[in-house]
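Read through the structure below, which is laid out as C-alpha cells, and then see the notes.
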Protein chains: 2
Amino acid sequence: MKKVATTQDEGGLASATARRTVAPMPSVRPTRRAVTVASTIYRDLRSEIVSLKRKPGEPIAEKQIAEAYGVSRTPVREAVLKLADEGLIEIFPQSGTFVSRIPLDALPEAFAIRKALEEATVRYAAERATRSQIAMLRANLELQREMQETANYQGFHQADETFHALVAEIAGYPGFWTLIQQTKVQIDRYRLLTLPVRGRIAEVIAEHTAIVEALAANDAVAAIMALDAHLDDLQISVDDVRASYPRYFTAPGDPA
Amino acid sequence: MKKVATTQDEGGLASATARRTVAPMPSVRPTRRAVTVASTIYRDLRSEIVSLKRKPGEPIAEKQIAEAYGVSRTPVREAVLKLADEGLIEIFPQSGTFVSRIPLDALPEAFAIRKALEEATVRYAAERATRSQIAMLRANLELQREMQETANYQGFHQADETFHALVAEIAGYPGFWTLIQQTKVQIDRYRLLTLPVRGRIAEVIAEHTAIVEALAANDAVAAIMALDAHLDDLQISVDDVRASYPRYFTAPGDPA
DNA sequence: CGTATAATATTAATATATCACTTTAGAATG
DNA sequence: CATTCTAAAGTGATATATTAATATTATACG
C-alpha cells in the first residue's frame, strides 16, 4: 500500500520514528513564508481586483493565469483560495471562479466596523501621542499637501493610507490598521467605482489636520469627533449607483 | 427550467469563441464551497488547535494527517495554509510546520480590538433593541443559568458565545461577531491554558444580566460600562504565566 | 418553432509525482 | 575523543494527472 523511499526502513516501528518530536525553540528563524510564486500571484491578482482592472463578475481562468506566469495551477489555486477567503473572489464549484461582485448590503456593516476600529485608534492615540509622533503626523500632512499641489492622486492616496496607519501605530496598536485594511477592501472598490478622483482632496486634508490638532492637544473627544466628520464624508449613498453598474453588485438579500 | 439570457452578449465584437465572457447573474446558486474534504480537515484541525488538543509548538505532519483521513496531501495543504493565514499554524519553509505558539505580546492588542468591536455592538444594540430581541437575550440568560446549575461548562461556554453573537445581531451587524471570533482565537487559547474552568460563571452571568438590563433601557452608556466591566474581568495577566509553560509562548520582541 | 433531452466540454476538487532544500545522524579523519 | 564532512530522510513547494459534477451546446421530438 504504502511504498516509501525504497530503502530499508528500520524494523522497529516505534523506536525509530521520533525525528523531531518537539518544536524549533526560539532561534533566529530565517524567513517564514518567503517570497514564493503563490504569494506573488496573490499580490498581483489582489491588486488587479482592488484596482478594478478586473471587473466584478469577471471570470477567472486558473489555467490561463498559470500559463501567463509559466507555472502550474497549484500556486495559482493557492492564491485564488486566499482571495476567496477575503471575499474578493467567488468560487462556484464545478462551474467557475469569478471576481466578486461588490456586496452592497454588506457595505454599511463594513463601514461601521471601520468606524469602530478607527475611533478606538484615535482615542488611544490621543492619550499616548508624544511630541515626536505628532511631528511625524504633521510631516505626513505636509506630504499630502505636496501631492495635492502636484496633482499626484496616486501619491495622495498612498499618503492618506499612511496617515491612518500612523495613527494606529501611535495608538500602540498597529494591528488595528491591518484589520481595517482588510475590512475596507469592498468599500475601496465601491468608492473607486463611484467617485472617479473627485476633487475632495482639500477637504480631506483639512479633516486630517483637525484630527492631528486634537491629538496634539490630547483631546480624545475632539479627535473622535473630527474622525467621525472625516468618515461621514466618505459615507455611502447606496441608492442610485446600482442603476449605473447593475452587474457589478449583488442585490440586498440575494446571496450572502 | 431557468433559461436566463442564454447567448446574448451585448458587445457584439468577438461573438464566436467566448464561452462565458460574463458572469453568472444572480440566480439561486446551489452551494458555494460545499462541504469538501479540505473544509472538513480545516474544521477538525482548527478545533484541535483551539482546544489545545494539539499543543503550541507541536509539529504538524501533513503526510500523517493525509493518511489518517485517507486522502492525499493536497486538501490537507489547503487546510494548513488557511490556518497559517489565521495565525494558528506557522510554516517554516523547508523545515516544518508547527502549531503556533501563543504570541503573548500580541494579546493586548487582540483584546483592545475585541473591546472596540464589542463596545460598538452594544452601543448600536442599545439604540435599536426591540422588546422581542430583549426577550431573546433574557431567554439566553436563562439558558446560561441552566448550564450553571447542571455544571455543564461546555454548554455554558456555548451559551456565552451565543449571547455575544445575539448582541451583534441585535445591533444589526452580525458580521461584527464573526470578526470578533477571528481576533479572539489566540486569547481563547491563552485563557484555556491559564484558567482551567474557574468558577467565575456566576459573575459572568451577573455581568451579562447587567448588559441586558442596560440594553432593555436603551441606555447605551450604561451598556458600554457594563460591557467594559465584563471584559476587564477577563483581562490578561501576562506576567508570571510564561514561567509555567515557557515553550507555549513567543517572547515579546521575538518573532512577530 | 419551441421544448426537452442527450452529448460534450469546462472546471473545481482531489490524487499522485517530482524537485529543492534543510536538518540530522553517522562516518571518516585528525 | 572531538570535529568535520557526507549521505539519508523528511518536508515544503510545485508539477502533472485524474475524477466528478455542472453548464452549455447540439439534437431530436412534439
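Chain naming here is simple, since letters A, B, ... match the order of the sequence lines and numbering starts at 1 in each. Bear in mind the structure is a predicted one, so any value in this text is a computation, not a measurement.
Here the side chain of B:A61 is nearest to one of C:dT23, D:dT11, C:dT14, namely D:dT11. Closest to the A:R73 side chain, of the nucleotides D:dT14, C:dA15, C:dA12, is C:dA12. The side chain of B:S72 lies closest to C:dA15 when the candidates are C:dA15, D:dT14, C:dA12. Taking only side-chain atoms of B:P93, from C-beta outward, the nucleotide of D:dT14, C:dT14, D:dA13 with the closest atom is D:dA13. Comparing D:dA13, C:dT16, C:dT23 against the side chain of B:R77 picks out D:dA13 as the nearest.
The shortest distance between side-chain heavy atoms of B:F98 and B:I89 does not fall below 4.5 Å.
Residues B:S100 and B:R189 come closest through the heavy atom pair O-NH2, 2.8 Å.
When each of A:T74 and B:I60 is assigned the nucleotide of DNA chain D bearing its nearest heavy atom, the one mapping closer to the 5' terminus is B:I60.
In this structure, the NZ atom of B:K63 is 16 Å from the P atom of D:dA13, given to the nearest Å. One can place NZ of B:K82 at 15 Å from C1' of C:dA13, the figure rounded to the nearest angstrom. In this structure, A:I65 atom CD1 and C:dT11 atom P are separated by 12 Å, rounded to whole Å. One can place CD of B:E62 at 10 Å from C1' of D:dA13, the figure rounded to the nearest angstrom. Atom CG in A:L81 sits roughly 10 Å away from atom P in C:dA12 (whole-Å rounding). Nucleotide C:dA13 holds its C1' atom 8 Å from the CD atom of B:E78, rounded to whole Å. C:dA12 atom P lies 13 Å from atom CD of A:E90, rounded to whole Å. Here D:dA15 presents its C1' atom at 18 Å from OH of A:Y69, a figure rounded to the nearest Å.
Between D:dT11 and B:T97, no contact under 4.0 Å exists linking OP1 or OP2 to a side-chain N or O.
The base of D:dA13 does not come close enough to the side chain of A:T36 for any donor and acceptor atom to sit less than 3.5 Å apart.
No hydrogens or angles considered: a donor-acceptor pair under 3.5 Å links the side chains of A:Y42 and A:E86.
In this structure, A:F176 has its ring center under 6.0 Å from that of A:Y173.
Here A:K184 pairs with A:E161 in a salt bridge; the nearest charged N to carboxylate O distance falls below 4.0 Å.
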